Amino acid sequence: MKMRTFKRHLGESVKSLRRNGWMSVAAISAVTVTLILVGVLLSILMNVNKLASDVENDVQVRVFVERKTTKNQQDTLKKKLESYSEVKKVTFSSKKEQLQQVVGSYGNEFKLFGGDDNPLYDTFDVQTKEPKQTEQVAKKAKTLDYVNDASFGGTSAKKLFKVVGSIQKWGMIISALLLFVAVFLISNTIRITILSRRNEIGIMRLVGATNGFIRWPFLLEGAWTGLLGAIIPIALVDFGYIWIYNGLQASLASTSYRLLTPGTFLAEIDLLLISIGIVIGALGSFVSMRRFLKI
Amino acid sequence: MKMRTFKRHLGESVKSLRRNGWMSVAAISAVTVTLILVGVLLSILMNVNKLASDVENDVQVRVFVERKTTKNQQDTLKKKLESYSEVKKVTFSSKKEQLQQVVGSYGNEFKLFGGDDNPLYDTFDVQTKEPKQTEQVAKKAKTLDYVNDASFGGTSAKKLFKVVGSIQKWGMIISALLLFVAVFLISNTIRITILSRRNEIGIMRLVGATNGFIRWPFLLEGAWTGLLGAIIPIALVDFGYIWIYNGLQASLASTSYRLLTPGTFLAEIDLLLISIGIVIGALGSFVSMRRFLKI
Amino acid sequence: MIEFKNVFKQYSDDIIASNDINIRIDQGEFVYVVGPSGAGKSTFIKMMYHEEQATSGEITVNNFQLQTMKPKEVPFLRRDLGIVFQDFKLLPRLTIFENIAYALEVIEKEPAEIKERVDYVLDLVDLADKSDKFPEELSGGEQQRIAIARAVANKPEVLIADEPTGNLDPETSDDIMAILEKVNKQGTTVIMATHNSIIVNKYPHRLLAIEDGRIARDEEGGKYGYENENV
Amino acid sequence: MIEFKNVFKQYSDDIIASNDINIRIDQGEFVYVVGPSGAGKSTFIKMMYHEEQATSGEITVNNFQLQTMKPKEVPFLRRDLGIVFQDFKLLPRLTIFENIAYALEVIEKEPAEIKERVDYVLDLVDLADKSDKFPEELSGGEQQRIAIARAVANKPEVLIADEPTGNLDPETSDDIMAILEKVNKQGTTVIMATHNSIIVNKYPHRLLAIEDGRIARDEEGGKYGYENENV
Ligand SMILES: Nc1ncnc2c1ncn2[C@@H]1O[C@H](COP(=O)(O)OP(=O)(O)OP(=O)(O)O)[C@@H](O)[C@H]1O
Ligand SMILES: Nc1ncnc2c1ncn2[C@@H]1O[C@H](COP(=O)(O)OP(=O)(O)OP(=O)(O)O)[C@@H](O)[C@H]1O
Ligand SMILES: [Mg+2]
Ligand SMILES: [Mg+2]
């Protein structure tokens with residue numbers, strides 16, 4: 001196609017968008033509303049996903065150290081644990097600290113066991129790189145010197161993995177449904193606007209326009225519709241997300257949970273929204289026109 | 001309006017729906033897809049809401065019974081606790097059972113404390129009618145005879161209430177957004193189909209039809225579009241929900257969590273979907289036509 | 001009775017389509033409206049049924065004061081008129097039968113009566129066999145005859161026809177003229193914009209010639225032509 | 001060169017709009033097509049530019065074999081034709097200028113050339129002042145003249161006009177005939193379906209009369225009429 005012809009199509013598409021008035025407004029606002037829904041729900045879903053995996057990351061291996069272990073031996077053990085490729089971080093926790101926790105949960109009477117009566121063990125809390133590696137690391141740790149026992153939460157951890165897994169699975173299903181719905185609704189809207197212009201398309205054919213010549217302006221008009229329809233959703237999601245992110249940061253600071261950082265996350269969402277708008281707008285036009293360009 | 005005229009409008013609306021062919025198909029499928037999204041997401045959101053409040057209901061008051069209490073005195077205490085209007089259920093849990101739990105969490109060494117060495121207390125676990133009443137019940141229980149102490153989860157329960165509260169709040173926000181989107185998209189689709197028929201409406205006016213006469217068939221056609229568009233979503237949500245409900249029943253049986261029972265829940269969802277379809281279909285037509293019925 | 005008093009119609013900045021029109025058409029008259037392309041014939045006619053509104057002046061049609069009437073009254077004005085539009089304006093998604101029936105349904109006639117009347121007018125324009133077709137399946141002249149059939153279907157007080165023979169051969173045009181004259185004899189006012197000089201000269205009636213938005217001639221039984229210069 | 005061999009066209013069950021048409025029109029001819037309403041004139045014409053396809057038989061237009069041509073070739077067939085449609089078929093959302101320009105843009109003419117050519121043909125039909133209007137802002141006759149302007153804009157080899165004077169007064173019709181005859185003198189084949197007996201008799205050319213889908217007469221310089229019976 002000649003450059004001049006492409007320019008002509010581009011101009012034509014803008015003109016047509018303007019002259020279709022309310023029809024264009026209706027199509028653009030359908031895209032807008034659909035993409036707002038997609039943007040908001042995807043932001044929520046992706047953060048739920050992130051939070052679920054944060055929760056999963058809280059699962060760790062607890063290694064109970066034999067009672068009569070010296071400081072040196074403990075260090076050796078620590079080094080050994082840290083040397084495993086699956087291990088991310090090893091934290092020491094004394095039996096004294098733990099007694100405090102027990103007292104907290106089960107009543108003051110445990111205070112009797114302070115000092116040497118403390119029935120608890122010093123422990124190393126081992127964080128693994130992948131939550132699912134905990135079981136395996138716990139098994140290995142059990143066989144080490146100076147180790148009395150090692151636990152990884154057992155059935156409750158497995159239950160947690162299952163819950164998190166099913167949250168993530170449902171998140172994926174909903175996201176897929178959402179994207180399908182968005183693609184369908186946008187292309188369907190474009191289809192209706194094109195159906196309503198079949199007479200015009202017929203006339204264009206009758207005065208000698210090739211299919212390509214007819215199609216290009218419609219395709220570009222679809223892309224404009226998508227592009228214009230993506231502006232408000234992007235602005236809304238960007239500002240809304242940053243606002244909520246900043247608002248929640250304070251209350252999340254004390255926990256190990258974090259929302260996705262706006263920078264890259266918003267860039268991804270924005271890109272997704274604008275591509276759905278433009279690509280589906282253009283493709284929707286293209287596909288809808290086939291029917292009218294048969295002969 | 002004469003009965004004959006209404007019949008005429010009804011027949012006209014069906015005829016028009018059929019003769020608009022692809023346009024009708026496009027409008028109906030837009031309603032279908034929108035309502036599928038609404039149906040699926042609302043089902044999920046309402047169940048998340050239900051599960052969240054089930055979790056909340058797990059919060060209970062733990063009443064620690066003085067060590068030297070007789071069986072009789074314990075019964076008196078139990079009766080007393082049960083007499084509170086806020087209390088739903090009181091369950092006894094012996095210190096022996098509790099030791100098992102401690103052993104599970106903190107290591108085998110606790111087995112040493114079996115029998116009379118057991119440092120724990122017998123407890124009553126008190127379930128309240130409303131989760132938020134736990135604090136108040138715990139306070140009252142502390143003042144009773146034979147009671148050593150009473151706890152209600154304290155800050156962690158409060159945190160849980162906050163999390164559940166914010167899940168429910170977000171659930172409401174998303175549901176509202178979703179309903180708004182559905183209403184907008186359906187009425188917008190109807191608007192586009194009517195925009196594309198403004199010439200026809202103009203001709204009707206020119207041959208002497210009153211606004212009401214023109215409007216009725218369009219309004220009914222909008223209602224049909226909504227009704228037909230609601231059929232697949234309703235079938236999908238009904239069968240899908242029952243399928244998932246039956247599938248999950250087994251794995252939820254051992255817990256205190258339950259999905260919403262299909263009976264009334266599905267009746268509500270179905271009613272909602274069909275009313276959105278019909279009402280918004282009809283109203284969308286009505287509102288969109290105003291522009292063309294000015295003079 | 002149709003009366004125009006000092007009627008002006010300006011479309012945009014510069015186009016004055018009606019320029020000080022003063023005219024009175026009594027019930028039962030037959031009036032031709034002639035004039036060159038773009039002279040303002042259709043505009044003159046459109047103002048009668050309130051599709052276009054006069055910029056200034058007074059228009060009375062039957063008992064309606066068009067300048068002051070409420071939008072709600074417009075359909076009732078139009079019910080007493082039968083209109084043949086220059087571009088036919090058939091409803092594309094209704095069959096021929098339904099198109100004509102529509103004009104009777106709006107005045108809530110009974111179905112049986114509608115059927116009888118539609119069949120009668122379809123027969124009148126010789127298109128009874130097309131009753132189940134859609135407009136786009138008809139030839140240009142056939143569509144035009146359907147538009148005429150629809151206009152006479154509800155026995156209007158005034159029949160307004162804008163170029164009703166433009167797509168018809170001379171013989172069929174004569175048939176149509178026979179219908180219009182018969183309707184006129186039964187008391188209906190007929191106003192017909194036309195370029196058909198053969199018809200105008202063969203069936204003489206009052207003739208209004210419009211040129212540049214003005215009434216250039218108003219002659220009983222005038223020959224086709226405008227500005228007093230016959231073609 | 002246009003040739004029809006044993007061409008039949010059946011629309012539905014019963015309507016045979018072309019019944020065994022055999023005809024040959026050489027480059028540079030001027031041919032009237034006449035016949036009563038619904039006789040099959042438009043159908044005959046529509047088959048030339050492949051809007052309707054023959055049910056059986058062979059049609060050759062310029063160098064295209066219409067029965068065997070690929071859908072992709074259709075636009076190229078139409079580019080050598082200029083067509084005035086009975087219902088005008090102007091694009092409602094383009095201005096008059098843009099409507100005519102469209103027919104030149106499809107053959108990728110340069111913008112400057114397009115502008116010049118559009119201005120020229122607008123002047124030809126005496127509507128240069130309407131170039132920025134939209135079709136619905138024009139009178140019936142003005143729209144018809146725009147349709148004619150568009151058809152001649154790309155200097156077609158064959159000009160096909162279906163009832164091009166139906167909405168025009170006799171004087172303007174004469175102007176249009178002058179244009180068609182001028183175009184014809186420059187070598188363009190002109191095929192014109194018409195009901196206008198005055199025109200046909202005043203500007204004699206080859207005359208095809210169609211009746212009930214058949215070619216009833218084919219006469220060089222024939223008077224208006226069909227079945228050998230003049231009106
Ligand atoms: N798309 C169609 N489907 C069915 N029948 C059709 C179709 N188009 C035309 N016809 C029928 O074919 C016959 C010929 O139609 P055509 O348009 O060729 O007539 P015509 O000679 O151009 O008439 P006119 O002078 O009224 O324009 C008519 O009886 C018409 O009703
Ligand atoms: N909607 C409109 N907007 C702007 N100008 C208009 C509009 N309708 C008509 N005109 C202009 O008003 C003038 C009169 O138009 P009108 O349709 O009344 O002419 P007419 O006498 O019916 O012509 P014809 O014989 O061609 O149908 C013309 O110049 C036309 O271009
Ligand atoms: Mg006119
Ligand atoms: Mg024809």
Side-chain angles (χ1 to χ4, degrees), chain B residues 1-28 190 192-222 224-225 285 289-295, chain C residues 45-46 48-53 66 69-95 97-114 134-136 146-147 149-154 156-158 160 162:
Chain B
M1 186 164 49
K2 284 186 203 154
M3 190 59 207
R4 161 153 55 78
T5 311
F6 184 76
K7 262 195 198 151
R8 181 254 168 212
H9 291 329
L10 202 64
E12 204 71 13
S13 67
V14 174
K15 196 161 69 185
S16 172
L17 194 71
R18 272 195 291 113
R19 293 199 184 150
N20 274 302
W22 282 109
M23 198 66 115
S24 298
V25 171
I28 291 171
I190 302 276
I192 297 180
T193 63
I194 286 184
L195 272 171
S196 78
R197 287 162 73 182
R198 68 193 133 204
N199 284 339
E200 285 176 51
I201 294 173
I203 296 176
M204 292 172 184
R205 292 182 52 76
L206 285 176
V207 297
T210 56
N211 287 350
F213 193 88
I214 297 174
R215 196 179 262 148
W216 269 102
F218 278 89
L219 195 147
L220 292 170
E221 193 179 341
W224 287 120
T225 304
S285 287
M289 290 192 70
R290 279 187 320 187
R291 199 196 326 281
F292 306 123
L293 297 178
K294 281 283 164 57
I295 290 161
Chain C
I45 279 179
K46 282 177 184 171
M48 293 180 191
Y49 56 87
H50 213 60
E51 184 181 352
E52 296 292 352
Q53 282 111 71
L66 269 53
M69 92 199 292
K70 298 199 197 84
K72 279 187 117 177
E73 294 176 283
V74 176
F76 299 94
L77 159 72
R78 291 177 182 163
R79 284 173 186 194
D80 295 333
L81 313 177
I83 310 169
V84 184
F85 304 94
Q86 191 168 12
D87 55 354
F88 315 156
K89 293 203 192 296
L90 301 175
L91 288 162
R93 265 179 276 271
L94 294 188
T95 64
F97 184 94
E98 292 163 350
N99 258 286
I100 300 174
Y102 195 92
L104 298 168
E105 285 168 1
V106 299
I107 46 176
E108 307 207 21
K109 284 247 183 286
E110 277 181 38
E113 200 182 336
I114 291 178
F134 288 92
E136 61 169 17
I146 297 303
R150 178 177 64 184
V152 299
N154 66 343
E157 286 184 45
V158 181
I160 296 173
D162 198 349

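Since this is a predicted model, take the numbers as computed values, not measurements. In the text below, chain A, chain B and the rest are named by the order of the sequence lines, each starting its count at 1.
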- Item | Part of C:Lys46 within contact of chain B (heavy atom distance under 4.5 Å) |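 No part of it gets close to chain B.
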- Can you tell which part of C:Leu77 gets under 4.5 Å to a heavy atom of chain B, answering side chain, backbone, both or neither?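 Contact with chain B is absent: no heavy atom of C:Leu77 under 4.5 Å.
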- Query: Do C:Phe76 and B:Thr210 touch side chain to side chain, with heavy atoms closer than 4.5 Å?
  - Reply: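 Contact flag for C:Phe76/B:Thr210 side chains = yes.
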- Any side-chain heavy-atom pair of C:Arg78 and B:Leu206 under 4.5 Å: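 When only atoms from C-beta onward are counted, B:Leu206 and C:Arg78 do touch, with a gap below 4.5 Å.
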Can you give each donor-acceptor pair under 3.5 Å made by side-chain atoms of residues 19-26 of chain B, sequence neighbours left out, with the distance rounded to 0.1 Å?
unit_1: B:Arg19; atom_1: NH1; unit_2: C:Arg93; atom_2: O; d: 2.9
unit_1: B:Arg19; atom_1: NH1; unit_2: C:Glu98; atom_2: OE1; d: 2.5
unit_1: B:Arg19; atom_1: NH2; unit_2: C:Glu98; atom_2: OE1; d: 3.4
unit_1: B:Arg19; atom_1: NH2; unit_2: C:Glu98; atom_2: OE2; d: 3.0
unit_1: B:Asn20; atom_1: OD1; unit_2: C:Arg93; atom_2: NE; d: 2.9
unit_1: B:Asn20; atom_1: OD1; unit_2: C:Arg93; atom_2: NH1; d: 3.1
unit_1: B:Asn20; atom_1: ND2; unit_2: B:Ser16; atom_2: O; d: 2.9
unit_1: B:Asn20; atom_1: ND2; unit_2: B:Ser16; atom_2: OG; d: 3.1
unit_1: B:Asn20; atom_1: ND2; unit_2: B:Glu221; atom_2: OE2; d: 3.4
unit_1: B:Ser24; atom_1: OG; unit_2: B:Leu17; atom_2: O; d: 2.6

- Among C:Glu105, C:Lys72, C:Arg79, C:Glu51, which has the most heavy-atom pairs under 4.5 Å with chain B?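 Highest number of heavy-atom pairs under 4.5 Å: C:Glu105.
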- Task: With a 4.5 Å cut-off on heavy-atom pairs, point out which of C:Glu110, C:Arg150, C:Lys70 contacts chain B the most.
- Result: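 Looking at each option in turn, the highest pair count goes to C:Glu110.
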- Please determine, among B:Arg197, B:Met204, B:Lys2, the option with the most heavy-atom pairs under 4.5 Å with chain C.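 The answer is B:Met204.
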- Message: Restricting to non-hydrogen atoms, name the atom on C:Pro75 and the atom on B:Gly208 that form the minimum distance, rounded to 0.1 Å.
- Response: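 Smallest heavy-atom distance, with atoms named: CB-O, 3.6 Å.
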- Message: Using every non-hydrogen atom in the two residues, find where C:Pro92 and B:Glu200 come nearest and quote the distance to one decimal.
- Response: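 Closest approach of C:Pro92 to B:Glu200, heavy atoms only: CD-CG, 3.9 Å.
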- Message: Which residues in residues 4-15 of chain B have any heavy atom closer than 4.5 Å to a heavy atom of chain C?
- Response: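 Those residues of residues 4-15 of chain B which have a heavy atom under 4.5 Å from chain C are B:Arg4, B:Thr5, B:Arg8, B:Glu12, B:Lys15.
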- Task: Drop me the distance from B:Ile214's CD1 to C:Tyr102's OH, to the nearest 0.5 angstrom.
- Result: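 Taking CD1 in B:Ile214 and OH in C:Tyr102, the distance rounds to 5.0 Å.
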